[in-house]
K.L.:
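I have a structure I would like to understand better, so I am pasting it below and will then ask my questions one at a time.
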Amino acid sequence: MRVFSGLQPSGNVHIGNYLGAIKQWVGLQRGNDALYCIVDVHAITIPQDPKELRRATLETAKTYLAAGVDPQKSTIFIQSHVPAHAELGWILSTLTPLGELERMTQFKEKRSKRDAVYAGLLNYPTLMAADILLYQTELVPVGDDQLQHIELTRSLAERFNNRFGKTFIIPQARVNKTTARIMSLAHPGDKMSKSDPNDKTRINLLDPEDVIRAKIKSAVTDSGNEIVYGPTAKPAISNLINIFAGVMGKPVEWITRESKELTYSEFKNNLADAVVQELIPFQQRFNDLKEKDVLSVLQAGAQKAAELASSTLKDVKKKIGFVL
Ligand code: AMP
Ligand code: TRP
């Protein structure tokens, strides 16, 4: 199957991104034809410092590689290296009713947090639809906050196909049940987020071991003292169980069975051990990567992606009446 996904190069990549998205990507490489993109064109829908954007873009590429995305199996590239994304994004924006974009939850959320909102932010979902549709993608592995965007992508594709003739495959989202929405360590009612000003709410993939341990130790828990799963009754412990299950690649039931006799603090110790065991080797691989090698992976990836994208874009242009 053709698989496509991406992450914005902004801020701190955290364990929610890792378990919700990147770890799924690694698993999907085998037997599929996957493209994983660093979506810098999306990142600039919110003002970015140019130096920081460049740094974060390369850091995100290193994160993919260190997490196990293998350039021999998957195509890794930077969105702005393939102009077809912006071209198809523009075309799709001319076919998307304004009201549908104004109703997007992420747009409303981001808008409510800022004084100035630019047109690109409203058009974020049409660009995302272009990312997906350009490659005739069948499967889009993401966290659950992206489901609405993928729903819009599907209806845009259907609408285009109905009006101009069959052009796009209708893609499907793929979320991992336990890790689709990892919550904040401090406020289990909120999603773990890159942009939360309180760093203690998340475990960043590059946090040193002592910081990881301290953050898990100070994570809020629920009343009572039993390790039982129940996202409504015990949202904080359930979130920690989800993280544990995600890191270990085990079902929730296995974690709860193994942890039944433990106190909260013993459970947190075990969780911290598991997270450290996953992230420290990741960090070693990350630190060993050389910028020159990363750039050459990205260059080869862009070339491959551009070839694939050009055939869909050409078809779209022909169908809408552009002179080729
Ligand atoms: P972003 O940070 O918005 O670029 O998100 C990159 C990927 O991580 C997307 O697939 C998101 O759905 C996913 N993601 C972001 N935050 C979380 C979270 N707290 N839990 C699970 N997945 C997440
Ligand atoms: N909007 C996604 C996010 O913030 C990133 C993204 C952009 C994406 N284009 C995509 C994800 C295409 C999947 C497929 O998480």
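Remember, it's 1-based here, ligands and their atoms both numbered in the order they're listed.
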K.L.:
What residues come within 4.0 Å of ligand 1, counting heavy atoms only?
P.N.:
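Shell around ligand 1 (4.0 Å, heavy atoms): Leu7, Gln8, His14, Gly16, Asn17, Gly20, Ala21, Val142, Gly143, Asp145, Gln146, Thr179, Ala180, Arg181, Ile182, Lys191, Met192, Lys194.
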K.L.:
Please output the side-chain donor-acceptor pairs of residues 294-311 that fall under 3.5 Å, not counting sequence neighbours, one pair per line with the distance.
P.N.:
unit_1, atom_1, unit_2, atom_2, d
Ser296, OG, Asp293, O, 3.3
Lys304, NZ, Thr75, OG1, 3.3
Ser310, OG, Glu307, O, 3.1

K.L.:
Going by an N to O cut-off under 4.0 Å, is there a salt bridge joining Glu278 and Lys23?
P.N.:
yes
K.L.:
Within the supplied structure, the quantity of interest is the number of heavy atoms (other residues, nucleotides, ligands) at a distance under 6.0 Å from Arg111 CZ; does it exceed 12?
P.N.:
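No, CZ of Arg111 has 12 or fewer neighbouring heavy atoms, counting only those of other groups under 6.0 Å.
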K.L.:
Charged N to carboxylate O below 4.0 Å: is that the case for Asp273 and Arg213?
P.N.:
yes
K.L.:
Hey, is CG on Asn198 packed in by over 12 heavy atoms from elsewhere, all under 6.0 Å?
P.N.:
yes
K.L.:
Answer with yes or no after comparing the ring centroid distance for Phe168 and Phe160 against a 6.0 Å cut-off, counting only values under it.
P.N.:
yes
K.L.:
Against the six-membered ring of Phe322, is Lys317 placed for a cation-pi contact (under 6.0 Å from the centre, within 45° of the normal)?
P.N.:
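Judged by the rule (NZ or CZ under 6.0 Å from the ring centre, within 45° of its axis), Lys317 is not positioned above Phe322.
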K.L.:
Report the residues that fulfil side-chain hydrogen bond (donor to acceptor under 3.5 Å, both in side chains) with Ser238, sequence neighbours left out, ordered by chain and then residue number.
P.N.:
none
K.L.:
Same cluster or not: Val41 versus Leu92, using hydrophobic residues (I, L, V, M, F, W, Y) connected whenever any side-chain heavy atoms lie under 4.5 Å apart?
P.N.:
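In one cluster with Val41: Leu92, no.
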K.L.:
What does the N/O contact table under 3.5 Å look like for ligand 2?
P.N.:
unit_1, atom_1, unit_2, atom_2, d
ligand 2, 1 (N), Tyr124, OH, 2.6
ligand 2, 1 (N), Gln146, OE1, 2.9
ligand 2, 4 (O), Gln8, NE2, 3.2
ligand 2, 4 (O), Tyr124, OH, 3.0
ligand 2, 9 (N), Asp131, OD2, 2.6
ligand 2, 15 (O), Gln146, NE2, 3.3

